Amino acid sequence: MQTLIDSRMTMPDFIAALFDKLDLAGVAAMTKLPSGEKAAYTLLTDKDDIEDCVPYFPAMPANAARAVSKFTRQAPPSKQVAVFLRPCELRALTELVKIKQAAVDNLLIIGFDCAGVFPFSKIRLSDELKLKEYREAVAKGKNCEGIRPVCSACTRFVPEGADIAISFIGRNLDEPLVLSFPSEKGKEAAKTLGLDSSSKVEASPAVDSLAEERGGAEKKLTEKIEEALSGTDGLISVFDKCISCHACSHVCPICYCKNCYFESQTFEYFPESYFTRMREKGALRLPVDRVLFHLGRLSHMGLSCVACGMCEDACPVNIPVSQIFKTAGAKAQALFGYIPGKNRDEPLPLLTFSERELEEFED
Amino acid sequence: MPKASTVVIYGTNLSGYRIAYALSKLGYKTIMLNRGAYVDEVRNQVLTQLPFDLCWACAYAPQRLFVGLGAMQILYNSELLELTGTAGNFKAKVKKRDPFVNNYICAECEKCIDACPVEVEKNGKKQKAVYVVPKMFWENIFLIDEENCTKCGKCETACPTGALKMNPPVEEIEIEAGAIILAPEFDEPGEAELAPFGWGRIPNVVKSSDIARAALATNFTEDSFRRPSDGKLPQSVAIIVTPHFNEKGIEYENYNASAQAVYRANKIKEMHPGIDVFLFCRDYKCYGKGHCRMYERAKDNGVHIIRTEKLALSVADGEKNRISFSTCSTKELTDKKTVEMTILITGQRPPTAMKRLSKICGIPAESHGFCDIVPFTCAKTEVNGVFAVGEFTSPKGNPETIWEGYGPLREILSWLGEKNVAKPQPPVLRDVSHEEAKTGVFICSCFGAFSDKMDLESLVNRVKMFPHVSHAEIINGCCTPSSIQETAAKIKNSGVNRVVLAVCTPTQKLMKFRKTVMIAGLNPLLSEFLRLREDVIQVHTDPARMEDKAAAMIYAAASKLKTARALPTLMDNIGSSVLVIGGGPAGLEAARYLGEAGYDVHVAEKTDHVGGMADILSKDLEGHEIKKYMAQLLEDIEKNEHITIHTDTTVTDVSGYAGNFHVRFETKDGETVEVDPAIVIIATGALEAKTDQYGYGKDERVMTQLEFEQKLAEGKITGGHVAMIQCVGSRNPKKPYCSRICCSDALKNALTLRKQGIDVTICYRDMNTYGFKDDYFQAALKDGVSFLRFDENHYPKLEASDDALKIKINDISDGKDKEVVSDYLVLATGMDPNRENNEVFSNLFNLRIDDDGFFDVESCACPYEDASKRIMKPFELSSNGVFVVGTAHSPRSFMESVMMARQAAGKAMVILSSGKMAPPNAMYVSEVDTSKCTGCGLCVDVCPYNAREIDPVRKVAVVHPFLCDSCGACVVACPSSAAFLRDQREDQLIRTIDGLLAV
Amino acid sequence: MADQKTEKIIVAFLCNWCTFTAADLAGTSRLKYAPNIRIVKVMCSSRVDPVFILKPLLDGADGVLIGGCAPGDCHYSKGTFYARRKIALAKTLAGSMGLDPRRIRLSWIPASEGPRFARVVNEFTKQIEALGDNPAKREVYI
Amino acid sequence: MAATNKANMDEVGMNKGIWVEGRAKKKVLEFLNGLLNSKKLEAVLMPATNRTKDSYSWFLMGKDGLLESADPFPPVMTTQGARAVSYLTKKGRAWKKTAVLLRPCELRATIELAKIRQVELENLVLISFDCPGAYPLEKYFNGDQKKLDEAFDACLSKQAELEGARAVCSICNRFTGRGADIEIGLIGGEAKGFWLIPGSREGEDLLEGVTGSASHKLEAREKAISELRAQREEKRKQTLDSFQETVKGPENLMRVLSSCINCHNCSRVCPICFCRECYFDSKALSSEADAMLQRAQRKNGLRLPPDLLLFHLGRMTHMSISCVSCGACEDACPADVPVSMLFSLAGRNTQAVFEYEPGRSLEEAVPYTVFKFEELKDFEAPYIKEYSKEQ
Amino acid sequence: MDEKKEFTPSIIYGLCSWCGTGGSETAGAMHLQYADNIRPFRVPCTGAIDPVYILRALIEGADGFAVSGCHPGDCHFDSGNYRARRRMAVLKTLLETFGLDSERVWLRWVGHGEGKRFADTANEFNDHIKKMGKNPLAQRRDT
């Protein structure tokens, strides 16, 4: 358990202090868009702009790990940049670092407890009532009505792997931040910021109660999905509406391929192939490989799925993609005892092995 | 005695340049004697004898890159003094004086100008005694004004590179040469010739070449048409085709005089429809490809085309010109027009150099004073080993001149010894693919000239802080032999693997910069050349902001280089055989040319024998013995073991691409022959046009000129009266081209008839006798051939009865209705394209067909006439490796077809000799990222060079690199950036833009 | 519903060094085994991407057999360890996504064991026949 | 083959429609089954409801006849038909003679794709119909599907406006299947029947033997069409003009785009965007963190992932000329950006520059691949010679 | 930003390697002075300028983007400039459609020998952009 410290700074003060004292090149966080309705993950370099920062704003227009990947993949910044990340974004970033799609050099990672987000088309900066409810739910450690199903079933809502972690559940968002500094980099930053352990704070019991509520929800969700997916009929029904737009993979923080395997020439067939298959079955649904895409994608990235929910948000035909991937991913992850996003140094399961394992799968 | 290998080229006309270029490609050294102090001081054709207004700088200049690469040397202020020895072992005594400033050492820092104490007024501007000639295309030329120079020597001291020598000595040297090419520039008509047209004495009379020159600087906008007297736009313009009016010395129309006049008229009309344009000519000689269409357009544009026999100019009032003319030869000058400006289309006069050269080289002039050429040869004079090309041998336009440079190659080679120029071996380059990008920025001080204008130290310090830059330093220069070595050493020592050279113009010094980088062991694709001088030093003054701009440019270049990749220059092996399709004179001539040069040639002929139309012809207008020539040609072909003739064949399939074709053809017996030619020459010819007019086909007395000629040859025409009607069924909107040969044929047969005392009447629209052919028109007039001229809208009418053919005609010479009673009516039906044939080959070889049904010149490797810019490009295969020659290309006379075949064969020989070929822009060609390519073909559609096609199996685009000229059209056409240029990948360009905005 | 009598199709991915050679041996030894198998040679069993297994199952194959060198015997020393992980993943995913993991079988069959290859094929064929037709076989909606 | 072959069209003429009485959906399926039985066709590519019956998908059907659930007139557009045709023929011509049932906008997109070799028309018979529009996917999935289906069926023949149709559909001015090999004429038939109108030789051949009366003159239909077209054209103009007002200027445009999440799904479902890897997803736009920091400095912040506006505008430069206003993009947009309106507007204006109508004719080259010597002078900045006299 | 300081627009000038570049070199050779905030961007041919580059520049900080290359009929590569004109027309139409200052993009042909025209264009465009003021698009973080 990390030591929690009352920073005596509200969020704006905190960001200002980061700028001032840490000589940051920039901060990346959810920021109000000039048009005023929406917020987006934005890189800011000017301290004057930070009043527009709204790191907690409960929407995820893009998984920020994808943004950080874009930002650092070619080369990380030469000066420190603070990035605010939700726990699932942080987990995704950790996974991306493993596959060299992101670098954390010169990033100061600020994580915070996540009470979940709303589907992004359902929330605006002006939705005061909704946001008020959300704050209340945060303070109480309860799921807020209307947040995405995967969020309400997310049990890993406390950041893992941050340099600075903001304790958030069970607290008031406008009050000074309660921080912890899990990494060396974080501790260094704390020193520079002049934060010491003199202002220790207790962990909020709301964290546990939320964990419990979420645990229950997760179980239910798993059961629901397992039932829906039983047998080939289930598999077909669940994905029946899929229009093969692949939006799920394009917003997925883990799907990092430049040219998706399932959009590559591999899956372009010569005409005769379509007609032969049509003759075998009497009819052939086009585009083909629709279900294969989902299963195949799962096999490619399911072990790293952090259940961030982006896929489901982006699905134009309301397939519960994220819930499916969370459920199936969890099973696959359990097979190797792998927890995605937990540890940057842990190798990906398919890149390692032990000599005696999984013997039940062979004969 | 072994033969010498060097070739001396006297003069710098375009043909000479082309020969020099081709010989250097073939491995021979050429020495060009330039009579001027700098290249183009003596104007060659490039500026004025264009078929159209075009800026040719980019197409013309690359030939100069060969200067200084060892293969081609230019001597300045030079003159040929004496020629001794014989072909293969000439000794040429030459006088020369080096230029004051050696352009290859000069860094153009202008310190000499700063140092010069003399200042004089020249054309209202102050000028030092050492000065820069206004930029000639790519070069700035430094000259000393010998009249005002005090020889104080300050400039020579100030010159940091030692390029300036104040008193270069006049030297006499002796050159051992295998062959001599006479290629002096053309002589423009001067005051004497043009005085009758008022030039030099009447205000606002200008030469078209003046307009062309002015147009080059103003890009053919309204500016080129200001009248000289007050700079105002004239409201009426007369254009006069001067060679038509028999003024001594300029009476022979060069290739494009009529066309130029009409072109100019159209241009004015289209820019200012309000201006009245009067075009005065005797005939409209529109025998070039597309020229008749220009004429039709002129009529649509409302140009007043006045055909007149005589005219005179005088001052009307103030600054207006009065033109008096008569449309009838007998009438006095009765009609008058007043115009505000007069443009003279001038043509060329006999070369003044002829007399001297005639004496020195022992070559005779022909009757007009041009150099005489042995018939049926390319550029061969009567002295072995001495060749004459371009406008030295007759009045000529650019396309003819340029192509002439390829014609005599084989004959020239026969007089030369071993190759004497080896390709320079490129230095060994370092493999830096595994290294992290380290960029060095080298900023030129231009021997102190740049550092006078801005603080380079400060710039270097700033640049050092850039994220992509690991090294920055100032260099002295990068253009003189020593500074190239110094800079290369600096690059090498700094240990960088990307180089930004902030120097001056790569357009001019690209080779030097590239060389520097290569000496430093780096692939030039890892370097960027910035123009500090052109973009900063010379055009801005505020030092701080100059630094900003320079920094931004460097930042952008450095970011661009970060992802640069070194790639080897692409090469493709090319085959060594040629396929000639069509066994007519043109095809056979091409085959003989290449066969005798040792290349395997296959000739595919559709019919059962070779020879084509030539069977019928015995002599041409000039009296050249066609029969004899053909017999020799067939004999040579027969005994040449490199030439294989396939008769009765049909080409059925073509695959591959230029350099590596694969062609299949079938013989009549169903046998299949497959050949792999590198180059294909199409010489499928044209057809004699048939007609149903004037009772042709029904009345035996009515025949075509060709039929008549046969009858005449067979001695079947013994008396009576012969009438001829020209332009039957052609030069009208339906068939808007001139068949080029009919007028000559008519004259030829008429003269023969006259010799037998037979009366001849020729009814004609325009006498299309170009060049020296006009002599025969004059001769025919003298011999009593009767000429009646009709209007294009009123063709003669025929009333045929059993005893006579009555031809009724309105003679526009005197406006009277006349009647000719004749025994024979000969129709000039002209040529028709062989449409069926052309269709087949256009499909097989991806060639376009032009509006008239002949092969389009844009799509084949033999652009003649209107494909103007590409004629200039020396790049051998900037199109698809298929040469269309002879009448398949456009109507040509026998001799012209044969010459064209030789010229194409000469060019083909240059290509074949290399065995390997690099793309014209060897390093930067476009490529395909096949994983992204969807085979949509947009890039194929936009490629101007046929360099791309879709692989039918893989459904992706493929590039034939040596057809690619690296323009980038494909890159932009491709929405997914699957197409890219090697040195300008998409991410590099985006980085460049980001970089430009970053400072 | 599925016709139990249709011929079952089993797609087999066999590693070049062990199992493919074993199949070869079975053939040269004139061993008889079920004809349902369609062999795809791969250089190593670890080349078998889970997608290779899932695709035939979705397109109507009744079973997928992966044959390779036994752990520790891999021609490429470690390939089979990776293969095992991948196939375990494929089976797990198939299980959780409504496909029958029993239709996937991983067998280590060394090059010298032709009879074992025949036995495995026969066994697996029987097993698949017992499972019946893959419901995806005639499924037009998949 | 190519239905939009002009010569073909002229020859066949447009007054040869066969009037068929009865319910169009049923009769069309009968007609197609008949062609399959008589082996005039070997396959049909058309929509059918999916297994759960709550959506539609494309099916290639043949030997065993059409699926019972086949529906020539689906109320939604799940996958743009041109994409389906492209899947089938991208790598070569259809193996067997296949009829494809397409909405007019799908037909137009198919023609566009044929121009860029993403579709091979040989061996295809294109059939299209008078399209009343389609519902937004979301509306259809979340609404009362039975009711919506009924409303849609009612609209098919009555040429009434489809209530709740997608925005682009309600302003569609090219709603007939003209240009197809066979046009199913619904408008003007007043629910009693419909016309089968050949648009090519091929179409004519296939219609041979179809019993129907030729008495029912096409004039009524032509009149109805031209009335509706006039209405729609007016509406289109007004709607797009007023829409333009709402998106004009950086402020407005960015407000409209503020909900965009840069997922690029609009381009992925777009029938015209045929790239395998989108330029805007490619390495072309990737840069180092420091470069992005600099960009952020220049513009007071940088949205991540960046290049959102560039994506939309850039995509417009790439494909708006060929945009057929099918609305697929908007259906697939998870963020409710009015993408199809933006592109319809952009397309209208860029197409006007070249008087180009995407999908009108196969012979009309994509404007970027051709040019005229004299054109577009208005887009050049005229040179004022006297600009800086002092120099 | 210092309000008093005169607005210096950030301008990129896209030049083809032949005429555009030639024109600028002629201007250099003639020592013609022109606005020093103009940054040259060199491409082989105007036909190789993807409108995307221009958009990118305008969105990322440029106040104006001018393009110059060979006059119609003069293209070194045959027809690149005609295609360029088409693309520029589309781009300008799009900018116009969305009210994004299509006048921030100029296409003007400049020949090799036209040094004055080059310098004039640079100056005129600079003045023109100065009058237009800052590019609002380039100031937005939400693009």
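Remember, predicted model here, so these are calculated numbers, not experimental data. Quick note on labels: first sequence line is chain A, next is B, and so on, each numbered from 1.
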Study note, to complete from the structure: Of E986(B), M553(B), R531(B), E110(B), the largest count of non-hydrogen pairs under 4.5 angstrom with chain E goes to R531(B)

Practice item. For residues D994(B) and R56(E), report the shortest heavy-atom separation together with the two atoms involved. Key: OD2-NH2, 2.5 Å

Practice item. Carefully, step by step, assess V972(B) and R87(E) under the rule side-chain contact (heavy atoms from CB on, under 4.5 Å). Key: CA-CA 9 Å; V972(B) 186; R87(E) 291 182 189 279; 3.4 Å; yes

Practice item. Sort out for me which of I990(B), T992(B), V999(B) touches chain E most, counting heavy-atom pairs under 4.5 Å. Key: I990(B)

Exercise for review: Can you measure from OG1 (T8(E)) to CG (D548(B)) and round to the nearest 0.5 angstrom?
Suggested key: 9.5 Å

Revision key, fill the gap. Max heavy-atom pairs within cutoff under 4.5 Å with chain B, candidates S17(E), S10(E), G80(E), A62(E), goes to A62(E)

Exercise for review: Heavy-atom distances under 4.5 Å only: say whether I11(E) touches chain B with side chain, backbone, both or neither.
Suggested key: neither

Revision key, fill the gap. CD1 (I59(E)) and CD1 (I993(B)) are apart, to the nearest 0.5 Å, by 11.0 Å

Review point. Do T505(B) and T21(E) have side-chain heavy atoms sitting under 4.5 Å apart?
Key: no

Exercise for review: Nearest 0.5 Å please: distance from the CG atom of L996(B) over to the OH atom of Y13(E).
Suggested key: 14.5 Å

Point to revise | Worked check of side chain to side chain donor-acceptor pair (under 3.5 Å) between T507(B) and E25(E) | key: CA-CA 9 Å; T507(B) 348; E25(E) 287 185 2; 2.4 Å; yes

Practice item. Keeping the roles fixed (side chain from H540(B), backbone from Y34(E)), state whether a donor-acceptor pair exists under 3.5 Å. Key: yes

Review point. Which bit of A122(E) comes within less than 4.5 Å of chain B, counting heavy atoms only: side chain, backbone, both or neither?
Key: neither

**Study point:** Within residues 36-46 of chain E, residues adjacent to chain B where the heavy-atom gap is under 4.5 Å
**Key:** D36(E), N37(E), I38(E), R39(E), P40(E), F41(E), R42(E), V43(E), P44(E), C45(E)

Point to revise | Where L989(B) and Y53(E) come nearest, the two heavy atoms and their spacing | key: CD1-OH, 3.1 Å

Check your understanding: Closest approach of D78(E) and P944(B), non-hydrogen atoms and distance?
Key -> CB-CB, 3.7 Å

**Study point:** Spacing of SG belonging to C967(B) relative to CH2 belonging to W18(E), to within rounding of 0.5 Å
**Key:** 11.5 Å

**Study point:** Residue part contacting chain E, namely of A973(B), when any heavy atom lies under 4.5 Å
**Key:** both

Exercise for review: Could you tell me which portion of I537(B) (side chain, backbone, both or neither) has an atom closer than 4.5 angstrom to a non-hydrogen atom of chain E?
Suggested key: neither

Exercise for review: Would you sort out whether L32(E) and Q538(B) count as a side-chain contact (heavy atoms from CB on, under 4.5 Å), showing the intermediate values?
Suggested key: CA-CA 7 Å; L32(E) 300 178; Q538(B) 289 180 340; over 6 Å; no

**Study point:** Contact summary for G28(E) and V539(B), nearest pair of heavy atoms
**Key:** CA-CG1, 3.7 Å

Check your understanding: Which residue out of V971(B), T541(B), D983(B), V942(B) racks up the most heavy-atom pairs below 4.5 Å with chain E?
Key -> V942(B)

Review point. Who wins among C70(E), A27(E), C75(E), A84(E) for the most heavy-atom pairs under 4.5 Å with chain B?
Key: C75(E)

